Amino acid sequence: MMHNQSKVQPIFRSENNISMKSVFTKVNRQASSYVSSNISFFEEPKHVEDEISSISSDTDEIDKYISFNRNIVISRLLSVRLLIILVLSLFSLVSCISIWLTGYIEASKSSRELMRQSLEEVSDKVGLFLSSKLLMPKLVALEMASDYQNDILILPTNYKPYAFRRLLNYDITITTIAFYENNQSFLYFYNRVDNKDGSTVLYYGVQNPGESNLLMFYANMTDGSVSSKIYRNETYVTYEKDYYQGSLKVFKSFETGGYGEPYNVIGGGLSIYYAAPIYSKSLLKQGKKQLVGMSKINISLERISQFIKTVRIFGSGFFVISEFSSMNVISASIDIPSDITTQVHLFNLTDQDSGPLFKKAYDPKELSRAEKLNYEGMEYYLQRITFKGTPYILMTSSYHYDNIFWRLSFVLFENEVLASVQLSTNISVGIMCTILVLSITFSVILGIIITKPFNNLQIEFEKISLMNFDNLNYYTSVLTEEMFIYKHLYQMASFLKEIKTYLPESLMRNLSSIEKKVLEEKSVTNLTGNVTGNYSKKSITSFFGNASGSMHNSTLKSSLFKTGFEKKYATVIYLKLPNFTHNFISDSFTISSLFEKILTELSNVSKISKSNLQIIKQNEFVFNLDSNHTMGIAVDSALKIKRALQNVNQQSKFKLNYVIGVSSSEALVGIIGSKTLKYSAVVGECMSKSKELCELCQTLKTDILVDELTATSKGILNDFVLRPIERYIPGYILSLEGYKHSTSNIETIFELIKTSGIENDEWMYELEQKKINEQHHKFTLLFIRFFLDESSQCGLLSHFNPPIEIGRVSTEELRDFLEEYKNCYYNLDNNLISKLERILDESEKLNLSPPFTSYFSSLKYVFQTNSYEDSN
C-alpha cells in the first residue's frame, strides 16, 4: 500500500487580480451530508413479506398494550390489593350479618317463647293462688251448711265458737249464716276488717228472729268474745240484700252452692263470697228440699290484691283480673281506687293509662289480629299493640273455677321484653364489628403480602424498561412462587444487561432523560397533592398499588421511539484508525483482542461524555453529541479519545495510528426507519466535515483537527490549547465538474493540542508550559487578524475573556512573531511556517497588505497512485 502524501499550496484571490492556483480534491464525498447509523443485519427469511407483515401486526398489538391508559379512579378501584380487601371484607360482613341475623331471629323467637312460657307460668301461678283462696270460702260454707243440717251447729248456742274458730283457721273474712222464713229474717256473722294501717278489727253481727234491726258489736280478735259496744244498729232485711238475691240465682244453676258477684260489705271493702243452701230440716228428712237460708263465707278482694301486687312480670309489666261478662275489675297488680264502694270497669282504670289501653286492645279490630295460642288445653290470645307511641304485648287468658269466669289480662312493655334480645343484638353487633375490623386488618395485611411482589415487580420492571440495571433491588421470599418470580426476573435482567452493551448511547441518553421526566412528574404530582390537601400519590400507591405504568409507557412510546428528525446543533467526533486493517494485521486473534480493548476505552469515553458511539467499520467510529451537550464537552472528549488510544498502544505490541476530526453544525437529529427497522441518524454538514478533517489530519500530520465553529465557540479558546493550522473550503472538490465555490465559505481549521490547564509540577516546567500556551494563543490571534477583516474578527473574538484587541496586523509584525514562534515551539510543523513566509514574501513583492480574506488551501487527490500530492 502506498501512503497518502499531499502538498498544500497557498492561493490568493484579491481585488488586485493576483492569485495563486490550488485545488482541493476529495474521494467519496457526498454532496450534502453523511448519515451515520448503527444497524443490525439479519439473514432475510424465505417469505419476507409474510414475516414483515407478522412483525408489523405484533408491533401494532404491543403498541395497543403500551399505549393503554386507564382512568386513575378505575385503576385504583381495580387494584388487586383493594379487590382482596373488598372480597374478604364482604365475605366477613356477609358472614357476620348472617350470623347476627340468625342469632337475632333465634333470640327473638327464644325471647317470645320465654315470654309466652313466663306468662303461662304466671297465669298458672295466679290461677293456683286464686283457686287456693276461693277454695277456703267454699269449704267453710259447705261445712257450715252441713253441720247445721246435722245439728252440729246449733243456733245461737255454739255459733260464736264455731264461726270464730273457722275465721281464725281459714283465710276468710266473713262467716255468715242467714235465714229467711215466713217473711222473717235472722242471721249471725263474724266480720274481720283489715285496715290500711295494718290493724285488724273484728265485728260480730246478729239479727235475732222476729227483730227487724241488725246489731253489730266490736269483738275480741283473740278469743272472739263480743263486747257490749255497738258498732252499728240499723234495719236489715236479708231477703232484700244483693248477696241473698244473687245467691238464689246461683242456687238455681248450682244446687250445692256457688260464688256470688263481689259486693261492698258493711264495715269493710269489696268481697266475694261463696253461698251454700240450707234447707228445712223437717222437710229434708221427708226427702223434700225447701230453702230456708244459706251459709255465706266471704273473702276480701283486698287480700287477693295483696298477693297479686307481689307478682312481677318482665319489669314494669302488670296484669288485671276482671269478670268476663261485666268486665269489672276483680284485682290487679296496679293501683285500683280504694275509696269507692262499687267495682271499677276495666276501661276506667287510670294507673299507667291501663284503661284506655285495654279499651283499644279489646276493640274488635284489634282482637281480630290477635294470635291464638293453646297451652295444656287452655287458649291464650297474644296481641301486639302500640299506644301513645309505646309498643305493648298483651296476653289474655281465662280463669274458670266452679261458676266463676274471669279474664286474666297480662300487659308487657315490648322494649322490656326485647331488652335481652337488644342486649344480645348489641353484643352480637359488637362482636361482628370486632370480627369485621379484624377481617379488614387481616385482609389489608394479606393484600400487602400478596401484592408486595406485584409492586416490587412493577418498580423493577420500570427500571428495566429504562435500562437502569445498576439500581435493581434484589428481593427474596420464603414463598416458593414468589421466589421463582424474582429468580426469573433477575435472570432476565442479567440477560438484558448484556444486551444493553449493543444499544446506542443516544438511546441510553433518551432513557435517562425520560427517567428524569418521570421522576419530576411524580414529584410534582406528590407536591401538588400535598399542597391542595388531597391524598398524595405516594400514599395511595403504597396502599392500592402504582397506577403510573400507563403514564410511563406512554412517555416511552412518545419520546423514546418517536420517529422523525429534530433540527438542532450537533457536534460529531470522527475517529479513524488508518493502520487497523487486514493489510497491516493478518492475525484474527490480534484484531479481535485489540478491537475489544479499543471498544472498551471508547465506550468509557462515550459514557463519560454521554455521547452516542456508532461503529462505521472496524477502524472508523463516530461520536454524536446534540445540543444537550456543550461543544466544550466534545472537544474534551476528543482529547479523552486520544488518551484512551494511547493507553491501548501502551498495552499492545501493535501501535495504532489515529486521526480525529471534530465538527459542529446545525443538523437533523432523530430516529428514522419503519416499524421493522429503526436507527439513530444525524444528517448535517458536521458529519461530512468531521470526516474531511480526519483526511486532513493525515495530510497535515496532526492527531486532532477542529473546525472553526467549534474552536471559536464560547470558552473553547480559553479552556483548550488550539492553534490555527489551515484555511480551506469544506467540500470543495476540483474533480466535480460544475462545482462552484465561494470565498465566503472559507474557514479556519484548528489543531487541538491539549487543555489550557497546567498540572501541578515543577515550577520551571509550569513556567515553560505557560509560556508555550501563551505563544499558541498569540499565534491564533495573529492568524485570525491576518486573514480576517475587522467585522469577521468581531464575530470570532467576541467570546474572549478578557476582551481581545481587534484590528489589522502588519506583515512585519507577523514575520517577527514567526521567528520567535519557531524557536519557542520546537515541534511546530515547518510546513505551516514556510507557507506563511511564502505568503509574506509574495505579498511584499505585490505590495499587498493583510487581511488576505480570500486565501485558502486545497488538496488534489491522485487516483492513479491512491495518494495526495501537491497540486502545483
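Just so you know, these numbers come straight off a predicted model, no measurement behind them. The first residue of the sequence shown is numbered 1, and numbering continues consecutively from there.
Scanning both residues, L412 and G317, for their nearest heavy atoms gives CD2-CA, 4.3 Å. Minimum heavy-atom separation, S271 to V265: OG-CG2, 3.5 Å. The shortest heavy-atom contact between I272 and G260 is CG1-O, 3.4 Å. Nearest approach of L301 to P262, heavy atoms of both residues: CD1-CB, 3.9 Å. When all heavy atoms are compared, the tightest approach of T173 to S300 is OG1-N, 3.4 Å. Across every non-hydrogen atom of N264 and G269, the tightest pair is OD1-C, 3.5 Å.
Within 6.0 Å of CZ on F387 lie more than 12 heavy atoms contributed by other residues, nucleotides or ligands. Under a cut-off of 6.0 angstrom, the local environment of OH in Y170 is sparse, with at most 12 non-hydrogen atoms contributed by other residues, nucleotides or ligands. No more than 12 heavy atoms of other residues, nucleotides or ligands shown are found within 6.0 angstrom of CD on E261. The number of heavy-atom neighbours closer than 6.0 Å to CZ of F347, taken from other residues, nucleotides and ligands shown, is above 12.
Residues meeting the ring pair (Phe, Tyr, Trp, His ring centres under 6.0 Å) test with F442, sequence neighbours left out: none. Not counting sequence neighbours, F495 has no partner by the ring pair (Phe, Tyr, Trp, His ring centres under 6.0 Å) test. Residues meeting the ring pair (Phe, Tyr, Trp, His ring centres under 6.0 Å) test with Y490, sequence neighbours left out: Y474. Taking the ring pair (Phe, Tyr, Trp, His ring centres under 6.0 Å) definition, one finds that F307 meets it with F129, sequence neighbours left out.
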| task | Begin with the C-alpha distance, continue with both residues' side-chain angles, and end with the deciding distance and a verdict on side-chain hydrogen bond (donor to acceptor under 3.5 Å, both in side chains) for S123 and S397. | result | CA-CA 8 Å; S123 177; S397 65; 3.3 Å; yes
| query | side-chain hydrogen bond (donor to acceptor under 3.5 Å, both in side chains) between N403 and Y274: does it pass, once the steps are laid out? | reply | CA-CA 10 Å; N403 64 322; Y274 187 90; over 6 Å; no
| said: Is there a ring pair (Phe, Tyr, Trp, His ring centres under 6.0 Å) between F324 and F405? Walk through the geometry before answering. | reply: CA-CA 6 Å; F324 255 109; F405 292 93; 7.6 Å; no
| Y486/N456 under side-chain hydrogen bond (donor to acceptor under 3.5 Å, both in side chains): CA gap, chis, key distance, verdict | CA-CA 9 Å; Y486 289 141; N456 293 339; 3.0 Å; yes
| task | Kindly determine whether I99 and M432 satisfy side chain to side chain contact (heavy atoms under 4.5 Å, CB included), including the steps that lead there. | result | CA-CA 9 Å; I99 295 172; M432 181 180 69; over 6 Å; no
| E366 vs Y362, side-chain hydrogen bond (donor to acceptor under 3.5 Å, both in side chains): CA-CA, chis, key distance, verdict | CA-CA 6 Å; E366 291 290 342; Y362 292 135; over 6 Å; no
| query | What do the steps show when you test W100 against I431 for side chain to side chain contact (heavy atoms under 4.5 Å, CB included), and what is the final call? | reply | CA-CA 9 Å; W100 169 79; I431 295 174; over 6 Å; no
| said: As a quick check of understanding, evaluate side chain to side chain contact (heavy atoms under 4.5 Å, CB included) for I459 and K463, giving each step before the final call. | reply: CA-CA 6 Å; I459 296 172; K463 294 177 183 177; 3.9 Å; yes
| task | List the steps and the verdict of side chain to side chain contact (heavy atoms under 4.5 Å, CB included) for Y381 and M395. | result | CA-CA 5 Å; Y381 293 89; M395 192 186 82; over 6 Å; no
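Between the side chain of S354 and the backbone N or O of D351 there is at least one donor-acceptor pair closer than 3.5 Å. T396 places no side-chain N or O within donor-acceptor distance of the main-chain N or O of S409, the cut-off being under 3.5 Å. Side-chain atoms of R192 come within 3.5 Å of backbone N or O of I172 as a donor-acceptor pair. Not one N or O on the side chain of K138 forms a donor-acceptor pair closer than 3.5 Å with the backbone of I297. Looking only at distances, no side-chain donor or acceptor of E302 sits under 3.5 Å from a matching main-chain atom of D194. Under the 3.5 Å distance criterion, the side-chain polar atoms of D363 are matched with a main-chain donor or acceptor of K365. Judged by distance alone, with hydrogens and angles left aside, the side-chain atoms of S98 form a donor-acceptor pair with the main-chain N or O of V94 at under 3.5 Å. S443 places a side-chain N or O within 3.5 Å of a backbone atom of I440 that can act as its donor or acceptor partner.
Judged by distance alone, the side chains of S326 and E323 do bring a donor and an acceptor atom under 3.5 Å apart.
Side-chain contact between R407 and V320 is absent, with no heavy-atom pair separated by less than 4.5 Å. Under the 4.5 Å side-chain criterion, counting only non-hydrogen atoms from C-beta, N415 is in contact with P391. A 4.5 Å side-chain heavy-atom check between L472 and I464 finds at least one atom pair inside the cut-off. Proximity of T200 to V193: side-chain heavy atoms (C-beta onward) are nowhere separated by under 4.5 Å. Using a 4.5 Å cut-off on side-chain heavy atoms (C-beta onward), S89 and L93 make no contact. Counting only heavy atoms from C-beta outward, the side chains of V140 and L167 never approach each other to under 4.5 Å. Counting only heavy atoms from C-beta outward, the side chains of L446 and L88 approach each other to under 4.5 Å. Side chains of L130 and I321 form a contact here, defined as non-hydrogen atoms less than 4.5 Å apart.
Note that CD1 of I174 and CG of N191 are 4.0 Å apart. Values are rounded to the nearest 0.5 Å. Note that CD1 of I393 and CD1 of I385 are 10.5 Å apart. Values are rounded to the nearest 0.5 Å. Rounding to the nearest 0.5 Å places NE2 of H345 at 9.5 Å from NZ of K359. Rounding to the nearest 0.5 Å gives a distance of 4.0 Å between CG of N473 and OH of Y475. Going from atom CG of N471 over to atom CD of E460 covers 9.5 Å, rounded to the nearest 0.5 Å. With values rounded to the nearest 0.5 angstrom, L394 atom CG is found 7.0 Å from L357 atom CG.
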Donor-acceptor pairs under 3.5 angstrom involving side-chain atoms of residues 329-337: please list them, not counting sequence neighbours.
{"unit_1": "S331", "atom_1": "OG", "unit_2": "S305", "atom_2": "OG", "d": "2.8"}
{"unit_1": "S333", "atom_1": "OG", "unit_2": "F319", "atom_2": "N", "d": "2.9"}
{"unit_1": "S333", "atom_1": "OG", "unit_2": "F319", "atom_2": "O", "d": "3.3"}

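Between Y392 and F413, the ring-plane angle classifies as tilted under the 30° and 60° cut-offs.
Two rings, from Y273 and Y259, have their centers 6.0 Å or more apart.
A salt bridge links R384 with E414: the distance from a Lys NZ or Arg NE/NH1/NH2 to an Asp or Glu carboxylate oxygen falls below 4.0 Å.
Here side-chain hydrogen bond (donor to acceptor under 3.5 Å, both in side chains) pairs that include residues 125-134, with residues two or more places apart or in two chains, are S131-Y399, K133-D171.
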